[in-house]
Enquirer: 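Dumping the structure here so I can ask a few things about it.
Values in this document were obtained by computation on a predicted structure and should not be read as measured data. The sequence lines fix the lettering, A, B, ..., with proteins before strands; numbering per chain opens at 1.
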Amino acid sequence: MPLRFHNTLTRRKDLFEPLEPGRVRLYTCGPTVHDRVHIGNFRTFLFEDVLRRYLRYSGYEVTQVMNITDVDDKIIRKARAAGVPIGAFTAEFTRLFFEDAAALGIEPAEHYPRATEYVPEMVRLAMRLRDRGVTYERDGSLYFRIASFPGYGKLSGIDLGGARDGARVDSDEYEKEDPKDFVIWKAHREGEAWWDGELGPGRPGWHLECSAMAMELLGESFDIHTGGVDNVFPHHENEIAQSESATGRPFARYWLHAQHLVVGDRKMAKSVGNVLALRDLLEQGADPLAVRYLLIAAHYRSPMQFTTDALAQASAAVGRLADLHGRLRAAAGAEEVERAGEADVAAEAGLSQRAEASFREALDDDLNTPRALAVVFGFLREVHSRLDAGVPTAAAATWLVRLREWDRVLGVLRCSPAEVPQGIAALLREREEARAQRDYARSDELRKTIQERGYAVEDTPEGPRVKNLGAT
RNA sequence: GGCGGCGUAGCCAAGCGGUAAGGCAGAGGUCUGCAAAACCUCCAUUCGGCGGUUCGAUUCCGCCCGCCGCCUCCA
């Protein structure tokens, strides 16, 4: 089954073929660490996480780069306002970003380059552009002349010819030949961070960062470049212009863009004032796995509504998956599971194989996570049904393997077995005794006590089953 | 004004030419000391509206309505 992605460059679903067989080089635009990253941002990062996970699931070795932009206008302004050195300011928000990313189960990328650590590379790239004659200088700043790049606009579809009515022009900028020309190197201004070098005192433009770091870590041409839709223009368009002007080679071959998370019909954004950080939701008692589930439950190219109601629904869905996981684990037994191990595919029941084929088919089709989840739930129902009918544990073991394999991509399964504390176990034993003696009043009272301590008891033919209600 | 996207059941959300996936919520049932879980059944003659193309359209085309994003830093 061929893997296809919707490519912003071609506006079609293109067959995916990496430059180097078996290996994918992926550049994902990361956060600018001037504030806490909100869940709208995380929608994109989770899309990228599922992307890398599915590429690996499909057998590719993945080299992912996610940049951390740790110097820009906003950072400089905010750090100064806070009276904190820029380095300390960004270090804190970088730490918080990694903390939230880990809570959401985002797999670490191979590289997290900081812009401030790649200034020499950026200067080198800027020099290459200058040598090519596609730049010009104004008051110590270096600008890229977009008129020099015939392919300008191929990503975003903007038409260079027409003047831009309604487009505002940054009054802060110095005179440019064309309003769309962009800065490569910003001349030093009093009180701002700056570097010295061949280009004179100043700091790199934002677009230059990504180009330089991508080329440095992935090569001049690589496979996939991703980001939010709001990056298509001008950021990604400019990256292409400067990168391809410098090298004369294609930059990224597949451009994938995630749609926004929407709250009350507006995109979630600081400027709108409707942002929610992961921490806000956790403080309201949300399960990070439910947040993860919710954010990958819609296709990445569709705008997605965020409501607390939808989050509660996601939580219920995650709970059902956890229940199936627990039931399979109990049914299979540790020993069988280990023997079923790796990918005992041949021994798997046809159910698993059919479901696996559908699962891959869904994700091969431009990473259709909602469809993949529908497959998982179809499997869930069928497995429960067969378990109700009393299947042999060997089959349960293969199903358990199947479910866990899928979770390598989805990452929504609770993996901690939720060990039952001693005190709870004692209460459970006591309750079982009461039930044996048909003392149901006592039994119900004990259930209530156990529940107050955060555990739910469910009676099954094989004995009581306990669920950790506050589990993460 | 230019470029792009969205409008599918109470809610979230797939499908995009062959007669509406999945989840949540809801109703009935099986099971159960009770409860829960699980399972079974039901829950959009209909996909913002109006036309058109077609044997057939939620899916293609046109127009209209509502909404959003980018064009300035932005996931």
Side-chain angles (χ1 to χ4, degrees), chain A residues 8 11 28-32 34 37-48 69 72-74 153 156-159 161-173 179-180 206 226-235 237 257-262 265-271 293-294 297-299 301-307 309-321 323-324 326-327 358 362 368-378 380-389 435 438-441 443-444 447-448 451 456-461 464-465 467:
Chain A
T8 306
R11 285 143 216 276
T28 51
C29 273
T32 299
H34 67 271
V37 172
H38 59 75
I39 59 170
N41 299 313
F42 272 116
R43 183 190 182 193
T44 296
F45 298 142
L46 280 166
F47 145 64
E48 289 156 353
T69 298
D72 83 328
D73 294 349
K74 228 177 261 183
S156 58
I158 62 147
D159 182 8
R164 52 323 100 209
D165 303 324
R168 284 158 288 171
V169 176
D170 191 347
S171 56
D172 196 40
E173 295 286 2
K180 283 198 174 64
W206 177 43
T226 69
V229 276
D230 49 2
N231 279 155
V232 173
F233 189 87
H235 187 46
E237 192 71 65
H257 293 99
Q259 265 291 352
H260 289 303
L261 185 66
V262 171
D265 283 341
R266 300 295 307 279
K267 81 164 180 172
M268 182 175 283
K270 294 258 162 42
S271 50
Y293 180 97
L294 176 66
H299 185 80
R301 281 193 297 116
S302 296
M304 175 186 195
Q305 306 293 327
F306 176 86
T307 61
D309 199 31
L311 180 58
Q313 292 167 7
S315 184
V318 166
R320 284 194 81 195
L321 293 172
D323 281 357
L324 177 70
R327 189 177 185 190
S358 301
N368 195 324
T369 47
R371 228 166 86 199
L373 287 170
V375 171
V376 173
F377 277 96
L380 173 144
R381 183 190 298 200
E382 186 64 27
V383 165
H384 271 308
S385 174
R386 295 193 188 189
L387 247 24
D388 282 353
R435 291 183 73 224
R438 301 187 159 267
D439 182 356
Y440 295 123
S443 161
D444 290 346
R447 167 152 52 203
K448 206 175 157 197
Q451 198 157 1
V457 188
E458 293 172 4
D459 295 317
T460 75
R465 210 172 84 207
K467 280 201 294 192

Enquirer: Using a heavy-atom cut-off of under 4.0 Å over every strand shown, decide if A/Tyr440 touches base, sugar-phosphate, or nothing.
Expert: base
Enquirer: Check whether any side-chain heavy atom of A/Met268 sits under 4.5 Å from a side-chain heavy atom of A/His38, and report yes or no.
Expert: yes
Enquirer: Could you check whether any side-chain heavy atom of A/Arg371 comes within less than 4.5 Å of a side-chain heavy atom of A/His299, counting everything from C-beta outward?
Expert: no
Enquirer: For A/Asp230 and B/C68, give me the distance from atom CG to atom C1', rounded to whole Å.
Expert: 13 Å
Enquirer: Report which part of the nucleic acid A/Leu261 touches: base, sugar-phosphate, or nothing (heavy-atom distance under 4.0 Å, all strands).
Expert: base
Enquirer: Counting the atoms with a prime plus P, OP1 and OP2 as sugar-phosphate, which does A/Ala269 contact under 4.0 Å by heavy atoms, base, sugar-phosphate, or nothing?
Expert: nothing
Enquirer: Using the P atom as the reference point in each nucleotide, state the distance between B/C42 and B/C47 in Å, no decimals.
Expert: 22 Å
Enquirer: If I take atom NZ in residue A/Lys267 and atom C1' in nucleotide B/C70, what distance separates them, rounded to the nearest angstrom?
Expert: 8 Å
Enquirer: Given atom CD of A/Gln259 and atom P of B/C6, what is their separation to the nearest angstrom?
Expert: 8 Å
Enquirer: Side chains of A/His257 and A/Arg301: is there a donor and an acceptor less than 3.5 Å apart?
Expert: no
Enquirer: Quote, to the nearest angstrom, the C1' distance that separates B/C31 from B/A36.
Expert: 12 Å
Enquirer: Roughly how many Å is it from NZ in A/Lys74 to C1' in B/C73, rounded to a whole number?
Expert: 5 Å
Enquirer: A/Glu48: what forms a side-chain contact (heavy atoms from CB on, under 4.5 Å) with it, not counting sequence neighbours?
Expert: A/Thr28, A/Thr44, A/Phe45, A/Met66, A/Thr226
Enquirer: Is there a side-chain contact between A/Pro464 and A/Glu458, using heavy atoms and a 4.5 Å cut-off?
Expert: no
Enquirer: Examine the base of B/G15 for any acceptor or donor lying under 3.5 Å from a partner atom in the side chain of A/Asn368, and report the outcome as yes or no.
Expert: no
Enquirer: Between the protein and nucleotides 65-67 of chain B, list every N/O to N/O distance that falls short of 3.5 Å.
Expert:
none

Enquirer: Would you write the dot-bracket representation of RNA chain B, where each base gets (, ), [, ], | or . depending on whether it forms a Watson-Crick or G-U pair under 3.5 Å and with which partner?
Expert: (((((((..(((.....[...))).(((((.......))))).....(((((..]....))))))))))))....
Enquirer: Just how far, in rounded Å, is P of B/G23 from CZ of A/Phe377?
Expert: 7 Å
Enquirer: Of the listed nucleotides (B/C24, B/G33, B/A75), which one gets closest to any side-chain atom of A/Arg43?
Expert: B/A75
Enquirer: Could you go over nucleotides 35-40 of chain B and give all protein N or O partners under 3.5 Å, atom names and distances?
Expert:
{"unit_1": "B/A35", "atom_1": "N6", "unit_2": "A/Asp459", "atom_2": "O", "d": "3.4"}
{"unit_1": "B/A35", "atom_1": "N1", "unit_2": "A/Asp459", "atom_2": "N", "d": "3.0"}
{"unit_1": "B/A35", "atom_1": "N3", "unit_2": "A/Arg447", "atom_2": "NH1", "d": "2.8"}
{"unit_1": "B/A36", "atom_1": "O2'", "unit_2": "A/Glu458", "atom_2": "OE2", "d": "3.2"}
{"unit_1": "B/A36", "atom_1": "N1", "unit_2": "A/Asp459", "atom_2": "O", "d": "3.4"}
{"unit_1": "B/A38", "atom_1": "OP1", "unit_2": "A/Arg320", "atom_2": "NE", "d": "3.2"}
{"unit_1": "B/A38", "atom_1": "O2'", "unit_2": "A/Asp388", "atom_2": "OD1", "d": "3.3"}
{"unit_1": "B/A38", "atom_1": "O2'", "unit_2": "A/Asp388", "atom_2": "OD2", "d": "2.7"}
{"unit_1": "B/C39", "atom_1": "OP2", "unit_2": "A/Arg320", "atom_2": "NH2", "d": "3.2"}
{"unit_1": "B/C39", "atom_1": "O4'", "unit_2": "A/Asp388", "atom_2": "OD2", "d": "3.2"}

Enquirer: Just the rounded figure in Å: distance from P of B/G7 to NE2 of A/His260.
Expert: 16 Å
Enquirer: Between A/Thr69 and A/His34, is there a side-chain heavy-atom distance shorter than 4.5 Å?
Expert: no
Enquirer: Salt bridge check: are A/Asp323 and A/Arg320 linked by an N-O gap of less than 4.0 Å?
Expert: no
Enquirer: Is there a donor and acceptor pair, one atom on the side chain of A/Ser443 and one on the base of B/G33, closer than 3.5 Å?
Expert: yes
Enquirer: Is A/Asp459 salt-bridged to A/Arg435, going by a charged N under 4.0 Å from an acidic O?
Expert: yes
Enquirer: Of all residues at least two apart in sequence or in a different chain, which pass the salt bridge (charged side-chain N to carboxylate O under 4.0 Å, His left out) check with A/Asp439?
Expert: none
Enquirer: Base, sugar-phosphate, or nothing: which does A/Gly40 touch, judged by heavy atoms less than 4.0 Å apart?
Expert: base
Enquirer: Rounding to the closest angstrom, what is the interatomic distance between B/G10 and B/G4 at atom C1'?
Expert: 31 Å
Enquirer: A/Lys267: which residues meet the salt bridge (charged side-chain N to carboxylate O under 4.0 Å, His left out) condition with it, sequence neighbours left out?
Expert: A/Asp230
Enquirer: How would you list, by chain and number, every residue that makes a side-chain contact (heavy atoms from CB on, under 4.5 Å) with A/Arg381, sequence neighbours excluded?
Expert: none
Enquirer: Measure from NZ on A/Lys270 to C1' on B/A75 and round the result to the nearest Å.
Expert: 10 Å
Enquirer: Could you tell me which residues satisfy salt bridge (charged side-chain N to carboxylate O under 4.0 Å, His left out) with A/Asp309, sequence neighbours excluded, listed by chain and number?
Expert: none
Enquirer: Among B/G23, B/G4, B/A75, which is the nearest nucleotide to the side chain of A/Thr44?
Expert: B/A75
Enquirer: For A/Thr369, give me all partners under side-chain contact (heavy atoms from CB on, under 4.5 Å), at least two apart in sequence or on another chain.
Expert: A/Val50, A/Leu363
Enquirer: Please write out the pairs of protein N or O atoms and N or O atoms of nucleotides 9-13 of chain B separated by less than 3.5 Å, giving the distance to one decimal.
Expert:
{"unit_1": "B/C11", "atom_1": "O2'", "unit_2": "A/Asp309", "atom_2": "OD2", "d": "3.3"}
{"unit_1": "B/C11", "atom_1": "O2", "unit_2": "A/Gln313", "atom_2": "OE1", "d": "3.1"}
{"unit_1": "B/C11", "atom_1": "O2", "unit_2": "A/Gln313", "atom_2": "NE2", "d": "3.0"}
{"unit_1": "B/A13", "atom_1": "OP1", "unit_2": "A/Gln305", "atom_2": "N", "d": "2.9"}

Enquirer: When you measure from the side chain of A/Tyr293, which nucleotide among B/G23, B/A75, B/C71 comes out closest?
Expert: B/G23
Enquirer: Taking only residues two or more places apart in sequence or in another chain, which ones pass side chain to side chain donor-acceptor pair (under 3.5 Å) with A/Glu382?
Expert: A/Arg386
Enquirer: Considering only nitrogen or oxygen atoms on both sides, find all protein atoms under 3.5 Å from nucleotides 26-29 of chain B and state each distance.
Expert:
none

